[in-house]
Amino acid sequence: MNLIRRPRRNRQSAVIRDMVQETRLSVTDFILPVFITEGKNVRSEVSSMPGIYRFSLDLLLNEIQECVDLGIKTFDLFPNLSESKKDKYATESYNPDGLYLQTIQTIKNRFPDVAIMTDVAMDPYSSDGHDGIVENGKILNDPTLEVLGKMALAQAQAGADIVGPSDMMDGRVGYIRQVLDEGGFHEVAIMSYAAKYASAFYGPFRDALNSAPKFGDKKTYQMNPANSREALIEAQLDFEEGADFLMVKPALAYLDIIKLLNDNFHLPIAAYNVSGEYAMIKAAAQNGWLDGERAMMESLMAIKRAGANVILTYFAKEAARLL
Ligand SMILES: NCc1[nH]cc(CCC(=O)O)c1CC(=O)O
Ligand SMILES: [Mg+2]
């Protein structure tokens with residue numbers, strides 16, 4: 001054949017393939033979510049997330065050192081609390097002597113160069129397992145803000161670099177920005193969970209924290225997976241309210257949303273490659289049904305190609321080793 005255009009020419013050798021590669025992953029793209037728990041010398045594996053552990057603070061410090069040695073420098077912390085610490089108003093979330101704030105402080109003292117991202121949501125501290133205050137079976141929007149403001153301020157005081165309001169209720173970013181600014185924390189950034197969907201892929205995370213809702217579901221606050229134009233409204237509001245990053249969550253089933261936000265906003269776009277996405281690849285790999293490492297790298301690459309500048313992923317350590 002007399003073909004002028006032969007795309008295969010640019011795939012003919014490793015050198016050329018490498019030269020024309022459009023997207024490259026870097027360990028600096030990653031944020032590692034970590035589960036923390038009370039006690040000493042605890043490293044308990046999450047049964048639905050092989051290779052992912054809940055750490056007590058002493059062992060967490062070794063883990064962070066290992067990650068830092070691999071080039072991972074940002075950590076998003078999630079607390080696993082005993083039921084006795086939970087209540088209707090998530091009061092433990094701003095207890096200065098509690099697990100979460102103590103952990104932030106200790107990490108920042110020991111590793112001044114790492115960045116700590118926090119989760120600003122009631123669910124791990126709530127006896128209802130919901131992200132907001134519950135009254136008569138309803139999840140309240142505005143009254144929950146006071147708790148979130150206290151939580152975000154306490155996290156900033158403990159040394160948080162980025163706070164992550166993750167409850168997908170309205171007015172979070174603006175309110176938290178105001179509370180942080182009034183407290184003198186102009187430099188603490190907000191990564192808003194701008195488009196977070198009511199997803200089945202959070203199952204293993206709720207196992208890890210024992211934080212599943214005690215009744216109902218989260219569909220009155222998290223988005224309907226069928227919607228994409230609504231993501232633009234959510235992102236626009238968070239932009240106007242002062243968000244520094246816009247996040248899409250989950251990642252793999254929502255690559256179109258990542259691209260949509262990347263095309264329409266000039267803030268950094270983050271994607272949360274969630275617990276269920278991790279669990280699926282791990283389970284298939286353990287069964288010998290696919291090559292786990294390749295599936296991991298391909299998924300992370302796809303998330304970046306779609307337009308995520310920042311990837312929150314439980315694969316961060318494993319991927320960093322391969323990079
Ligand atoms: N504040 C809730 C929160 N923050 C992060 C995750 C999920 C993360 C994951 O699945 O890895 C969730 C779960 C939920 O909405 O129930
Ligand atoms: Mg919103």
Side-chain angles (χ1 to χ4, degrees), residues 31-35 46 48-49 52 54 76-81 90 93 100 117-126 128-132 139 141-142 144-145 147-148 151-152 163-177 190-214 216-225 227 230-243 245-254 257 261 265 270-282 311-316:
I31 296 179
L32 176 66
V34 282
F35 300 126
V46 181
S48 48
M49 302 178 74
I52 298 298
R54 306 173 191 88
D76 186 9
L77 308 178
F78 294 97
N80 171 269
L81 295 180
S93 64
Y100 199 77
M117 169 170 170
T118 61
D119 196 54
V120 186
M122 282 180 57
D123 53 329
Y125 314 90
S126 153
D128 294 307
H130 272 286
D131 293 34
I139 322 297
N141 193 85
D142 299 12
T144 300
L145 280 172
V147 179
L148 299 181
M151 198 185 304
V163 300
S166 68
D167 73 12
M168 270 310 274
M169 292 183 225
D170 302 331
R172 274 41 193 160
V173 172
Y175 183 83
I176 290 169
R177 185 70 271 159
I190 299 179
M191 183 181 292
S192 83
Y193 285 61
K196 174 177 178 181
Y197 287 85
S199 171
F201 292 101
Y202 308 148
F205 173 94
R206 294 175 188 173
D207 291 344
L209 300 189
N210 191 24
S211 65
K214 302 279 163 60
D217 53 40
K218 299 191 174 185
K219 290 181 184 168
T220 68
Y221 39 111
Q222 299 177 350
M223 278 176 61
N224 180 346
N227 294 354
E230 189 182 348
L232 291 171
I233 299 177
E234 288 284 1
Q236 181 66 34
L237 288 169
D238 289 352
F239 175 78
E240 286 164 8
E241 289 177 33
F245 300 78
L246 298 173
M247 189 206 290
V248 174
K249 175 178 174 186
L252 288 175
Y254 298 87
I257 309 299
L261 294 201
F265 294 90
Y272 199 139
N273 179 214
V274 300
S275 57
E277 299 175 317
Y278 176 87
M280 279 195 302
I281 290 181
K282 283 288 170 190
I311 305 174
L312 294 96
T313 180
Y314 302 95
F315 284 121

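Each ligand, and each atom within it, is numbered from 1 in the order the structure gives.
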Undergrad: Do Tyr221 side-chain atoms and Asp131 backbone N/O form a donor-acceptor pair below 3.5 Å?
TA: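 Yes: the side chain of Tyr221 pairs with the backbone of Asp131.
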Undergrad: Parallel, tilted or perpendicular: which one describes the rings of Tyr100 and Tyr125, with boundaries at 30° and 60°?
TA: perpendicular
Undergrad: With heavy atoms under 4.0 Å as the rule, classify the contact between Ala121 and ligand 1 as side chain, backbone, both or neither.
TA: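 Side chain only.
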Undergrad: For the CZ atom on Phe201, are there more than 12 heavy atoms of other groups (residues, nucleotides or ligands in this structure) within a distance under 6.0 Å?
TA: no
Undergrad: In this structure, does ligand 1 have an atom that sits under 4.0 Å from one of the heavy atoms of Glu277?
TA: no
Undergrad: Measuring from the heavy atoms of Gln222, does anything fall under 4.0 Å of ligand 1?
TA: yes
Undergrad: Less than 4.0 Å is my threshold; does some heavy atom of Met122 fall inside it relative to ligand 1?
TA: no
Undergrad: Measuring from the heavy atoms of Tyr272, does anything fall under 4.0 Å of ligand 1?
TA: yes
Undergrad: I'd like to know if the side chain of Arg172 reaches the main chain of Ser166, judged simply by a donor and an acceptor atom lying under 3.5 Å from each other, with no hydrogens or angles considered.
TA: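 Flag not set: sc Arg172 to bb Ser166 has no pair under 3.5 Å.
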Undergrad: Are the side chain of Thr144 and the backbone of Gly132 linked by a donor-acceptor contact shorter than 3.5 Å?
TA: no
Undergrad: Evaluate the side-chain proximity of Met280 to Leu252: yes if any heavy-atom separation is below 4.5 Å, no if none is.
TA: no
Undergrad: For the residue pair Lys196 and Tyr202, would you count it as a cation-pi contact if the rule is NZ or CZ under 6.0 angstrom from the ring centre and within 45 degrees of the ring axis?
TA: yes
Undergrad: Any idea how Phe35 and Phe78 line up, ring-wise: parallel (<30°), tilted (30 to 60°), or perpendicular (>60°)?
TA: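 It falls in the tilted class, 30° to 60°.
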Undergrad: To check your reading of the model: name the closest protein heavy atom to atom 10 (O) of ligand 1, its residue, and the distance in Å.
TA: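 Sorting protein heavy atoms by distance from atom 10 (O) of ligand 1 puts Ser275 OG, 2.7 Å first.
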Undergrad: Consider side-chain contact (heavy atoms from CB on, under 4.5 Å). Of Val120, Asp119, Val173, which one does Tyr193 pass it with?
TA: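 Testing Tyr193 for a side-chain contact (heavy atoms from CB on, under 4.5 Å) against Val120, Asp119, Val173 leaves exactly one candidate, Asp119.
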Undergrad: Around atom CZ of Phe239, are there more than 12 heavy atoms from other residues, nucleotides or ligands closer than 6.0 Å?
TA: no
Undergrad: Which ligand 1 atoms does Lys196 reach within 4.0 Å, using its non-hydrogen atoms?
TA: 1 (N), 2 (C), 3 (C), 4 (N), 12 (C), 14 (C), 15 (O)
Undergrad: Mind checking whether Asp119 has a heavy atom under 4.0 Å from ligand 1?
TA: yes
Undergrad: Checking Glu277 side chain against Val274 main chain: does a donor-acceptor pair fall under 3.5 Å?
TA: yes
Undergrad: Look at the side chain of Asn80 and the backbone N and O of Ala208, then say whether any donor-acceptor pair between them is shorter than 3.5 Å.
TA: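 Indeed, once roles are kept as given, a pair shorter than 3.5 Å links the two residues.
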Undergrad: Under 4.0 Å from a heavy atom of Lys249: give me the atoms of ligand 1 that qualify, with their elements.
TA: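 Reading through ligand 1 atom by atom, the close ones are 3 (C), 4 (N), 5 (C), 6 (C), 7 (C), 8 (C), 12 (C).
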Undergrad: Under 4.0 Å from ligand 1, counting heavy atoms only, is it the side chain of Asp123, its backbone, both or neither?
TA: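 Near ligand 1, Asp123 shows its side chain, while the N, CA, C and O stay back.
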Undergrad: So if I count the atoms of ligand 1 from 1 in the order they appear, which ones are less than 4.0 Å from some heavy atom of Asp131?
TA: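 Under 4.0 Å from Asp131, ligand 1 has these atoms: 1 (N), 2 (C).
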Undergrad: Inside 2.8 Å of the Mg ion (ligand 2) but strictly below it, how many protein N/O/S atoms are present?
TA: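 My tally for this metal is 1.
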Undergrad: Show the atoms of ligand 1 that are less than 4.0 angstrom away from any heavy atom in Arg206.
TA: 14 (C), 15 (O), 16 (O)
Undergrad: Any idea which atoms of ligand 1 are less than 4.0 Å away from a heavy-atom of Tyr314?
TA: 8 (C), 9 (C), 11 (O)
